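Model, not experiment: these values are computed from the prediction. Every number for a ligand or one of its atoms is a count from 1 in the order of the listing.
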Amino acid sequence: MLFADVVDASAVVSATRSRLEKVDALAAVLRTAGEAEIRPVTGYLTGAPVQGRIGTGWRTLVQLERHPAESPTLTVADVDSGLAELAATSGAGSQARRAALLTALMIRATAAEQDFLLRLLTGELRQGALEGVMLDAVARASGARAEQVRRAFMLSGSLPDTAATALLVGPSALGEFGLELGRPLQPMLASPADSLDAALEELGPGLRLEYKLDGARIQVHRNGDDVHVYTRTLREITTGVPELVALVHGLPCRSVVLDGETLALNDSGRPRPFQETMSRFGATTERELLLHPYFFDCLHLDGVDLLDAPLSERAEALRRVVGEHVIPGIVAPSGEQAAEFLRISLASGHEGVMVKKLDAPYAAGRRGRSWQKVKPVHTLDLVVLAAEWGHGRRSGLLSNLHLGARDPDGGPPVMVGKTFKGLTDQLLAWQTSTFPEYESRRTDWTVYLRPELVVEIALDGVQVSPRYPGGVALRFARVVRYRPDKTAADADTIETVRKMLPGQATIT
Ligand SMILES: Nc1ncnc2c1ncn2[C@@H]1O[C@H](COP(=O)(O)OP(=O)(O)OP(=O)(O)O)[C@@H](O)[C@H]1O
């Protein structure tokens with residue numbers, strides 16, 4: 001298959017707003033892809049090459065001289081082996097070798113193919129929304145039900161594996177994806193509740209309330225002596241968190257999969273700021289801060305998969321295996337007890353509470369109603385699209401942020417507002433030094449970024465606004481913090497923002 005076929009399909013997907021047309025274009029490519037081509041093609045079309053992050057700096061790429069080929073000759077196999085070689089080249093002297101490999105690939109590509117490759121390698125094509133569209137396309141091309149494909153993806157964490165199984169082995173093979181020790185699955189997510197009372201009323205009497213801790217999500221897999229720790233985005237961090245690994249080694253079990261939150265605490269046992277916890281997960285890790293785990297779910301214990309078991313049963317297994325490391329919680333509280341529990345959680349420095357339905361299974365990758373989060377301040381996680389240079393005291397610093405919500409149909413993020421409020425001197429300095437790495441273009445006043453950075457924004461609500469393309473604008477938006485634990489795929493959608501308009505339904 002020619003690489004140009006993939007590039008053409010990608011162009012159709014970005015040109016149309018119709019989800020149906022996007023799915024059709026992707027399904028057509030999948031149907032014509034050969035056996036060995038399905039995995040790489042799925043990766044390219046969701047902006048995530050199967051070789052993982054190739055790690056070529058943006059600057060190296062733009063400096064490459066590129067005379068495009070007249071007509072397309074590159075095949076998917078050529079690109080696949082080129083990227084595999086690039087990914088395998090590291091260490092001393094690798095920079096020049098990588099540039100040579102890239103140039104060799106680029107001179108065989110047409111202008112459109114070069115542009116696509118560049119955007120693929122810089123991560124610009126990676127938009128989480130595309131995953132959803134691709135899952136539908138896999139269903140369409142293979143004849144599987146969308147739900148079957150989705151479940152296999154959530155459990156395998158890999159779209160190329162899901163696509164290859166559905167198309168090459170057949171839809172019924174998708175059912176064989178189960179929980180596998182050492183392979184992270186997409187975490188279950190919560191829906192925001194309007195208030196504690198609303199959540200209690202919706203979930204009825206059979207519920208459990210837990211502290212909502214403001215740390216970093218962890219998923220832990222142990223098989224005998226083999227322990228692995230993953231982040232919310234399924235990145236493996238085992239070697240960076242030796243204290244967690246040691247603790248999991250000491251648990252009374254042979255095999256286990258745990259879901260939880262980890263935090264750094266200060267001397268009096270209160271949580272340290274989120275940024276400090278996250279400093280343990282960056283490129284340069286801050287080893288002095290010890291992380292404490294608080295587990296809230298158990299998905300597997302000693303050979304028994306618990307994904308489909310009700311929370312009540314999973315919580316019982318959890319208590320048996322992690323003992324004191326279970327997150328603080330109460331079962332079936334009265335309204336007064338629940339309100340008191342929320343008050344104590346906030347007074348102890350936590351974010352709020354989670355309200356969970358006791359008879360619900362673990363819905364991997366779902367933001368459903370059986371987990372609801374109650375937080376006093378409403379926040380949205382949005383994508384930074386651009387930043388304007390500041391004035392006066394902020395001159396020379398990148399300040400006013402342009403904020404975008406995710407398009408669930410795979411289009412580019414939709415701008416919903418701007419803000420420079422809440423930016424500390426430290427954050428302004430960080431933005432000014434970091435944003436150029438994400439730059440896609442600039443004008444005199446504004447630096448535009450590839451849509452990758454996620455920032456958490458507090459707001460007083462939203463209003464109708466013809467000035468913005470989505471028809472809604474944020475009111476009194478202010479920056480709470482950056483969310484290095486999230487990718488643009490995890491940002492809130494334009495639908496979520498629209499549902500916050502006065503008179504709209506509860507956010508789901
Ligand atoms: N008791 C708990 N149960 C489940 N998740 C918890 C709990 N305490 C803290 N959390 C964290 O809250 C998150 C659940 O909220 P949500 O599903 O909306 O994800 P999120 O978008 O990261 O949330 P937020 O932006 O509010 O932190 C989890 O990903 C987890 O990191």
- Can any side-chain N or O of Ser433 pair as donor or acceptor with the backbone N or O of Trp430 at less than 3.5 Å? yes

Residues at least two apart in sequence or cross-chain that pass ring-ring contact (aromatic ring centres under 6.0 Å, His included) with His350, listed by chain then number, are Tyr211

Could you tell me whether Arg481 sits above the aromatic face of Phe274, with NZ or CZ closer than 6.0 angstrom to the six-membered ring centre and within 45 degrees of the axis? yes

Can you pull every nitrogen or oxygen pair between ligand 1 and the protein closer than 3.5 angstrom?
from	atom 1	to	atom 2	distance (Å)
ligand 1	1 (N)	Glu210	OE1	2.9
ligand 1	1 (N)	Tyr211	O	3.0
ligand 1	3 (N)	Lys356	NZ	2.9
ligand 1	8 (N)	Leu213	N	3.1
ligand 1	12 (O)	Lys212	NZ	2.9
ligand 1	17 (O)	Ala190	N	2.7
ligand 1	17 (O)	Arg367	NH1	3.4
ligand 1	18 (O)	Arg367	NH1	2.8
ligand 1	18 (O)	Lys373	NZ	2.3
ligand 1	19 (O)	Arg232	NH2	3.3
ligand 1	21 (O)	Arg232	NH2	3.4
ligand 1	21 (O)	Lys486	NZ	2.4
ligand 1	22 (O)	Arg232	NE	3.3
ligand 1	22 (O)	Arg232	NH2	3.3
ligand 1	22 (O)	Arg483	NH2	3.3
ligand 1	22 (O)	Lys486	NZ	3.4
ligand 1	23 (O)	Lys373	NZ	3.3
ligand 1	25 (O)	Asp381	OD2	3.3
ligand 1	25 (O)	Arg483	NH1	3.0
ligand 1	26 (O)	Lys212	NZ	3.3
ligand 1	26 (O)	Lys373	NZ	3.1
ligand 1	26 (O)	Lys375	NZ	2.8
ligand 1	27 (O)	Lys212	NZ	3.3
ligand 1	27 (O)	Arg483	NH1	3.3
ligand 1	29 (O)	Arg217	NH1	2.9
ligand 1	31 (O)	Glu261	OE1	2.5
ligand 1	31 (O)	Glu261	OE2	3.4

Quick note, salt bridge (charged side-chain N to carboxylate O under 4.0 Å, His left out) partners involving residues 317-332, not counting sequence neighbours, are Glu316-Arg319

All heavy atoms of Met188 vs all of Tyr362, minimum pair found to be N-OH, 3.0 Å

In short, salt bridge (charged side-chain N to carboxylate O under 4.0 Å, His left out) pairs touching residues 244-256 with sequence neighbours left out are none

